[in-house]
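Residue numbering restarts at 1 for every chain, and letters A, B, ... go by the order of the sequence lines.
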Amino acid sequence: MTARALKGALAVLARLAAWRGRAEAARREARRLLATLGEPLAREAEERRGRYLAWRAGGEGGGRRATIRVAAVQMELRPEPSPRAFARHVFSLLRKAAECGAELVAFPEDAATGLVALLPGFALLSRPGTATGGPAARGLPVAEVFRLLGAAVGATYRAVFATFAEGFGLFLVAGTANLPEPDGRVQNVAHVFAPDGRLLARQPKLHLFPYEAAWGIAPGSDLLAFPTPWGPMASPVCMDATYFETARIARALGAEVVILPIADPGPAHLWKGRRGLWARCQEGGFYGVQSALVGRFLGLALSGRSAVFAPLELSPRGDGVLAEADDPASETVVWADLDLEALRSWRAEQPDVRAPGFWRRLADGSIWRGRGRAT
Amino acid sequence: MAGSLRVAVLQFPLPDAGPAGGRAAWAEALEARAQAVAQAGAGLAVFPPGAGAGPEGVAAFAVWTRAGRSPGRSRRAFPPADAWVAYCALGSVLARRARAFLVPGSVVVPHEGGSAHAAGLFSPEGDLVLAQSQGTWPAEAIAAGWRPADELRLAEAAGFRVAILLGWDAVMPESHRIAERLGATLTLALTAWPWPYNPWRQLAGAWAGVQETQVPCAEACLVGPVRGRLFAGRSAVYAPCEATPGETGWLARLTDARGEGLALAELDPQAVARVREAYPIAAFLNQPLYARHFPRIYGGLAAEAGGAGGGTAEAAPGPTEGRSRRGGRPGA
């Protein structure tokens with residue numbers, strides 16, 4: 001089949017997949033599941049939501065809350081056979097996080113990608129024993145798939161996470177979804193929902209992994225902070241944490257907590273794992289919440305450890321780790337308490353370091369000229 | 001592309017500077033280390049900070065080790081007027097003895113009414129091929145008279161483009177990025193980590209800088225006491241994880257943080273190039289993002305430096321939002 005013919009076929013199939021009722025079915029399923037919460041989870045959810053609404057009603061001001069319990073979900077990427085199945089999958093993980101008492105929960109990068117199984121004929125694409133090496137290796141026009149399925153995937157993804165954010169009364173960093181933008185570009189976008197179910201922030205991934213660029217994904221152009229009762233937070237995505245530049249900007253935006261959805265191909269590895277958010281927490285002087293995607297999907301093997309990181313001096317063992325998943329290949333939830341007052345005190349004690357001569361090149365942009373490899 | 005290079009990093013206490021020591025004893029102790037470099041067949045070697053100071057310069061170096069470590073601890077140093085000349089004379093001898101490119105530690109020198117922390121790279125023939133002073137400082141240290149370098153410089157050595165990162169320079173990711181953008185293919189770091197030693201703190205410095213720039217780094221650490229303060233560290237040669245055994249991110253790393261030692265690594269530029277080809281971090285730098293934020297984050301500092309050719313920043317103003325207030329307190 002030629003690429004043009006395939007694109008045409010995908011367009012037809014996507015119209016089927018975009019059936020609006022799918023998102024509504026997912027929302028109904030989410031509500032049904034929430035009704036099963038029972039005590040004390042339902043009461044705690046209501047209390048959390050109430051605190052948030054009071055904070056909003058007060059103009060989002062007042063003193064910042066000093067401590068927060070955060071949870072990082074380690075989620076399996078698997079074909080979601082229906083929007084209702086996706087809702088049940090997310091609910092099972094969120095329930096565990098809520099049972100831990102978390103007020104903020106993070107999901108991984110590509111949390112919505114299992115929904116591409118809504119595409120009729122997906123089972124043929126994912127058949128075992130066929131080509132390996134990921135979707136691009138199979139000749140799939142990946143960005144086209146995301147573009148054409150965007151309406152269905154996006155609506156279902158947002159319906160599920162918004163309903164659960166409100167139902168659990170949580171700040172919910174819902175991982176990311178590859179979605180078409182109004183200008184036609186496809187971006188890998190983190191979504192943050194407030195405890196009232198409102199979409200609080202959209203954060204496109206700023207630094208792509210090589211295969212994403214090959215797929216036709218476009219990078220975002222700005223890092224944004226979102227307001228919380230604990231102060232501003234930021235949620236860059238995966239590879240963004242490979243670059244200290246992200247940490248510096250997050251810190252400049254006032255972030256004391258950085259939430260990072262990740263999806264790493266290949267086997268998990270201690271040292272490779274430490275060169276991302278862990279290192280940025282040390283450079284930026286903030287807490288980090290990392291949520292990892294695991295599993296096998298369309299020939300890609302994913303693994304990683306969800307974790308909560310801190311500046312070394314604020315971690316009990318001095319290693320910068322507050323919590324970390326034991327098994328990098330299976331679903332779990334890790335959580336930790338973040339003491340923001342301790343962070344602020346620690347920050348105030350640190351020397352104000354500067355390199356006026358060296359950093360002039362960063363201020364005026366001249367450092368980016370010359371080697372010509374940067375985008 | 002250059003062939004592989006055997007790199008040596010050494011850690012040792014500063015030679016005895018007491019009445020029984022003196023310059024001759026100091027030089028003799030360093031020459032023994034240079035001899036060890038030659039015997040190891042290294043093409044490039046790095047001594048720890050302070051080694052090049054000589055007994056006359058220890059007092060000023062001890063002031064450097066305290067600068068910016070905690071509020072109120074920064075003092076002005078008063079190094080000998082000929083500190084740099086003496087350092088270069090010693091360095092030239094040591095490089096010839098080592099038969100290798102050599103950074104013979106560092107020295108505190110008088111500079112523009114204050115002082116600077118500096119080091120040089122000497123060729124096997126004893127010629128100075130690169131001089132670099134420390135560019136990154138706590139504001140308090142700058143206010144106390146420490147003069148930041150205005151530029152990070154590079155030199156060709158043994159087929160690599162080399163930059164020297166001193167103290168805080170080695171810890172800050174900005175330095176590693178700037179070196180990478182200037183075309184460095186190897187950085188040489190001299191650090192002093194005060195006791196109690198935390199290996200994670202050290203790895204969060206140069207090791208992390210190497211991983212995000214994919215430019216290898218040879219880090220030499222000061223160990224032992226300096227005027228009553230103890231230092232420890234694990235000298236190492238870092239490279240991108242994918243180019244190292246076990247994907248640890250180091251080609252060699254000493255195990256004893258308190259003892260003397262020499263670590264040797266074969267640095268293969270083609271292995272690093274293959275990693276950069278397969279996983280091109282620099283290709284995905286997001287310039288529009290940086291252009292939006294960096295003038296605000298770093299802009300005030302450029303003005304402080306007084307424009308091109310500056311680098312004599314005097315007392316620093318209050319912190320700019322987002323700029324690094326950070327922990328760790330490496331060698332100032």
Student: Please state whether the side chain, the backbone, both or neither of A/H207 comes within less than 4.5 Å of a heavy atom of chain B.
Tutor: both

Student: For each of A/T242, A/D222, A/D364, tally heavy-atom pairs with chain B at distances under 4.5 Å, and name the one with the top tally.
Tutor: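 Option with the greatest count: A/D222.
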
Student: Salt bridge or not for A/R280 and A/E283, using N-O below 4.0 Å?
Tutor: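 Counted as a salt bridge, because a side-chain N and a carboxylate O are separated by less than 4.0 Å.
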
Student: Tell me whether the rings of B/Y290 and B/F294 are parallel (<30°), tilted (30 to 60°) or perpendicular (>60°).
Tutor: parallel

Student: What side-chain hydrogen bond (donor to acceptor under 3.5 Å, both in side chains) pairs are there with at least one residue in residues 241-252 of chain B, not counting sequence neighbours?
Tutor: A/K272-B/E247, A/R275-B/E242

Student: Which bit of A/P311 comes within less than 4.5 Å of chain B, counting heavy atoms only: side chain, backbone, both or neither?
Tutor: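 Contact with chain B involves no heavy atom of A/P311 at all.
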
Student: Check the angle between the aromatic planes of B/W137 and B/H117 and answer parallel, tilted or perpendicular using the 30° and 60° thresholds.
Tutor: perpendicular

